[in-house]
Enquirer: 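Quick one: the structure is below, and I'll ask about it shortly.
Chain naming here is simple, since letters A, B, ... match the order of the sequence lines and numbering starts at 1 in each.
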Amino acid sequence: MNKADEILSQLNPAQQEAVKQIEGPVMVIAGAGSGKTRVLTYRIAYMLENGIPPWQILALTFTNKAAGEMKERIFKLLGDSQAQSVAMGTFHSVFYRILRTEGEKLGYSHNLIVYDTDDSKTAIKNIVKEMNLDPKTYTPSHILNRISAAKSSLLSAEEYAQNPDIAAVDAQSGKPHIAEIFMRYNARLKKSDAMDFDDLLYYMNILLRDFPEMLYKYQNRYRYILVDEYQDTNFAQYMIVKKLAAAHQNICVVGDDAQSIYAFRGANIQNILNFKRDYPKAQIVKLEQNYRSTQNIVNAANALIKYNKDQLPKEVWTSNNEGNKINIVQSNTDAEEANFIASNIKEIQLNEHIDNSHFAILYRTNAQSRALEESLIKHHIPYKIYAGLSFYKRKEIKDLLAYFRLAINNFDEEALRRIINYPARGIGETTMEKVIVAANEQNVRVWHVIEDPETYLDKEVYAPTKKKLKEFATLIKSYTAMLQRSNAYDLGLHIAKSSGIISELKQDISEKERLENIEEVLDALKQFVEKAPETSFNEDTGEVIENYFPTLDRYVESIALLTDTEDDDKQNFNKVKLMTIHAAKGLEFDYVYITGMEENLFPSALSIGSRQELEEERRLFYVAVTRAKVQLTLTHATMRFKFGSLQFSEPSRFLSEIPITYVNISAKASSGRGAMSIGGQRNPLRSRYAEQQEPAPAKPAGRFVPKQYARQTTQKPELSIDMAAIGKLAKPTDIVPKLKVYHVKFGYGEVINVEGTANDLKALIHFDSVGDKTLLLNFAKLIIPKK
DNA sequence: ATGGAGACCTTTTTT
DNA sequence: AGGTCTCCAT
């Protein structure tokens, strides 16, 4: 049996169908636990086994984790390094890389940096202040939401400003100046040579829309496209995928409409519901067999999701055991709820010898983790909280990274403002305000004012202060000068020391943890340097780059879109896992606790205003329920601390949507009352909820209608050089010593030597104009000239 | 310019 | 409850 057949033999018939159909559009509707990741990875492996070059495959995911997992599994499957050449990553990271390469066309440099949400909010906050608007009305998060929604719908700031419907919504909410903030915010990002998360998708669209040669280039590079979690794509992502796939139509999307939980940030469930309309020839495969959970869990999940109107019909089933009933446990307070869970975990472990790592506690909001944490500590149960405050969002890390960023890109205004007075060097608010006013009035960058204060600042700023500004600029410039000479670790260490960050933290014993975090970054830098490959290659020209040097800017690029430290399985393998339900998507655990099953918490009070929002909450519940393999426990409390005060809460309506045959309801014993018996045929929670149900208030419509994208791009763009006139494109195997060749960038040359095998052929070529170059033949589009 | 005390506001979910 | 912001004293 050959390897391709071997791959297929490990799949069920529906999965095989999804894997085998390499050409043409395919949509895989993958029910929870039906082996979605398996299908994706096996499909890529199958493609590779069928001779498709790895670099023609583009696999897009939503999280770094999903991308990493896929890579690892393909590696295990094929046992060679082919997986390394597959372009696999999050939408944001893949397009960031492309935009760094091509960004000059849009007026950005190769140093293009990414602003995270914090940077964006700070920038907006400052703009609101500069415009003398009321910061209580114009909150950064609300404004960023509006801007983000616009960018995700491919609406420019100008279009936003001119759209009367949007103006009406903003005027009605008392915030008529959002459009102007939007414009200033964009200008500011541009001046800083920076993009925010949404820009990465927005400008990728612009690149493909306005530059036909770019569309042509990337359509032909990525001939096979796979998209994971397609139900979570927003309009900007949808359009990129559509454009890239337009030429070859080899697009495979995988998703589950029932697990769409990101509409709040612009995901459009219609993208998956309308796939058949976009690609009429599409083959649709449904994966309906659940391999993960017990029958009780699968049946309960099926039953509750039926309350939703918007969905593709499917019936998930399992041949697993019926399993235990789902426990519903009521407690008096959130603290009791937490104690119950901790002691329940202990009890199960005592009886069945189950490792901590097989337990997960899920919640709707991060704020709920505190009470749980306390109980776990009290019960001596090791745990790990996922997300929360991610490593890269910690203050000290952001401070150090701001130094790195500013060294790489002197124009990064957010980084500059963050660190110009940290550690304190006597440059306070007042001075910075004057600097900013001067920069705005004289229409130069803030950096220029700092660099040359005598020219741009008047006598109002005292000479000693000017000197301090200049000294700061000099310090940063000394780092910049070292960028290409020192490796990432040496320079990083130098910056951490000479900037004063380390001594500042050393002064205060209570900052020990922050100091350790700084050391962790330095460790990471060391590893980055040590693990750096010796050679790399340029994807465009195929040129092999010897002595690849691990510089600090390469490090910063590599971590720009990481939200958390890589899952350090070594340390966390024996810990109970705590996370939000959103963070749990795609994961599975034997024992799952879903906490805070209460009205206004789950479903969230903010999401019960419309049917669409409520249905999203229900899908979220569906996701949570289907994480459990063996035992699911739902807990709710009658009283809970909210904003520091104790509040009463009613059981979640979702509890009543699970048919009574699958559940086992009990009150928590510690309150003194015995377990509550299940009375009658009806779920008692149902009637309880029905009594206090109120009509939902109407919500103003604020969502954008995606505009149709005017310029269609199927026409073949003209290349700057007419290749056919020069000769014919050579296959890698055509290249032999002494052959005369033509390269788009390096011109005419002669092959001196060829080495390597199959997909890794390299040639040393002497070019008339640029001398000797080693090229990777799979990437170097060499032409054999006409005689 | 800095730091501390008290008022105040928050809470969805994340690349 | 906890973090952020404002104001006031140094």
Enquirer: What pair of heavy atoms forms the shortest contact from A:A342 to A:S375, and how long is it?
Expert: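 Shortest heavy-atom separation between A:A342 and A:S375 comes out as CB-O, 4.0 Å.
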
Enquirer: Would you mind telling me which residue lines up with the more 5' stretch of DNA chain B, A:T465 or A:H582, judged by nearest nucleotide?
Expert: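 The residue whose closest nucleotide sits nearer the 5' end is A:T465.
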
Enquirer: Could you tell me whether A:D134 and A:K129 have a side-chain N and a carboxylate O separated by less than 4.0 Å?
Expert: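 Answer for the salt bridge query: no.
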
Enquirer: Set out, line by line, the N/O atom pairs under 3.5 Å between protein and nucleotides 2-11 of chain B.
Expert:
from: B:dT2; atom 1: OP2; to: A:N421; atom 2: ND2; distance (Å): 3.0

Enquirer: Scan A:R417, A:R418, A:K398 and name whichever one has a salt bridge (Lys or Arg N to Asp or Glu O under 4.0 Å) with A:D119.
Expert: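 Among A:R417, A:R418, A:K398, the one that satisfies the salt bridge (Lys or Arg N to Asp or Glu O under 4.0 Å) with A:D119 is A:K398.
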
Enquirer: Looking at every strand, decide which applies to A:S93 at a 4.0 Å heavy-atom threshold: base, sugar-phosphate, or nothing.
Expert: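 Result for A:S93 = nothing.
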
Enquirer: Are A:R640 and A:E598 side-chain neighbours, meaning at least one heavy-atom pair lies under 4.5 Å?
Expert: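 Yes, close enough: below the 4.5 Å cut-off.
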
Enquirer: Looking for any heavy atom pair under 4.0 Å, which part of the strands does A:T431 touch: base, sugar-phosphate only, or nothing?
Expert: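 It contacts sugar-phosphate atoms only.
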
Enquirer: Taking side chain to side chain donor-acceptor pair (under 3.5 Å) as the criterion, tell me which of A:D228, A:N271, A:N268 meets it with A:T233.
Expert: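 By the side chain to side chain donor-acceptor pair (under 3.5 Å) criterion, A:T233 pairs with just one of A:D228, A:N271, A:N268: A:N271.
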
Enquirer: Between B:dT13 atom P and A:R619 atom CZ, what is the distance in whole Å?
Expert: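 That distance rounds to 18 Å.
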
Enquirer: Along DNA chain C, 5' to 3', what are the outermost nucleotides having an atom less than 4.0 Å from a heavy atom of chain A?
Expert: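 That gives a stretch of C:dA1 to C:dC5.
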
Enquirer: First locate atom CG of A:L58, then atom CG of A:L60, and finally report the distance between them rounded to the nearest 0.5 Å.
Expert: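 With rounding to 0.5 Å, CG (A:L58) is 4.0 Å from CG (A:L60).
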
Enquirer: Figure out the CG/P separation between A:L587 and B:dT13, and round it to whole Å.
Expert: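 Rounding to the nearest Å, CG of A:L587 and P of B:dT13 are 17 Å apart.
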
Enquirer: Quick one: sort the A:F621 and A:F654 rings into parallel, tilted or perpendicular, breaks at 30° and 60°.
Expert: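 Answer is parallel, since the angle falls under 30°.
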
Enquirer: B:dT14 P sits how many Å from A:Y363 OH, rounded?
Expert: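 My rounded result for the distance is 9 Å.
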
Enquirer: Which whole-number value in Å describes the distance from A:Q259 CD to B:dT14 P?
Expert: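 Distance, rounded to whole Å: 16 Å.
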
Enquirer: Given atom CG of A:D196 and atom C1' of B:dT14, what is their separation to the nearest angstrom?
Expert: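 Interatomic distance, CG of A:D196 to C1' of B:dT14: 14 Å.
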
Enquirer: Is A:Y262 touching bases, backbone alone, or none of the nucleic acid, heavy atoms closer than 4.0 Å?
Expert: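 The answer is sugar-phosphate, as A:Y262 gets under 4.0 Å only of primed atoms, P, OP1 or OP2.
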
Enquirer: Using 30° and 60° as the class boundaries, would you call the ring planes of A:F197 and A:H92 parallel, tilted or perpendicular?
Expert: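 Perpendicular, since the angle between the ring planes exceeds 60°.
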
Enquirer: Using atom CG of A:D232 as one end and atom P of B:dT13 as the other, report the distance to the nearest whole Å.
Expert: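 Checked: the CG to P distance equals 17 Å.
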
Enquirer: Nearest 0.5 Å, please: how far is CE in A:M88 from CG in A:N64?
Expert: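 The distance works out to 13.0 Å.
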
Enquirer: Please give, in whole Å, the distance from B:dT14 P to A:L144 CG?
Expert: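 Distance check: A:L144 CG to B:dT14 P gives 15 Å.
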
Enquirer: Looking at every strand, decide which applies to A:K468 at a 4.0 Å heavy-atom threshold: base, sugar-phosphate, or nothing.
Expert: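 Nothing: the residue A:K468, judged by heavy atoms under 4.0 Å, touches no strand.
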
Enquirer: In whole angstroms, how far is the P atom of B:dT15 from the CE atom of A:M88?
Expert: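 It is 19 Å, rounded to the nearest whole Å.
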
Enquirer: Could you check A:T117 against A:S607 and say which one's nearest nucleotide on DNA chain B is further toward the 5' end?
Expert: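 Nearer the 5' end of the strand: A:S607.
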
Enquirer: Any side-chain N or O of A:T430 less than 4.0 Å from the OP1 or OP2 oxygen of B:dA1?
Expert: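 Answer is yes, contact under 4.0 Å.
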
Enquirer: Rounded at 0.5 Å granularity, tell me how far CZ in A:F589 sits from CD1 in A:I361.
Expert: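 So the CZ of A:F589 and the CD1 of A:I361 are separated by 11.0 Å.
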
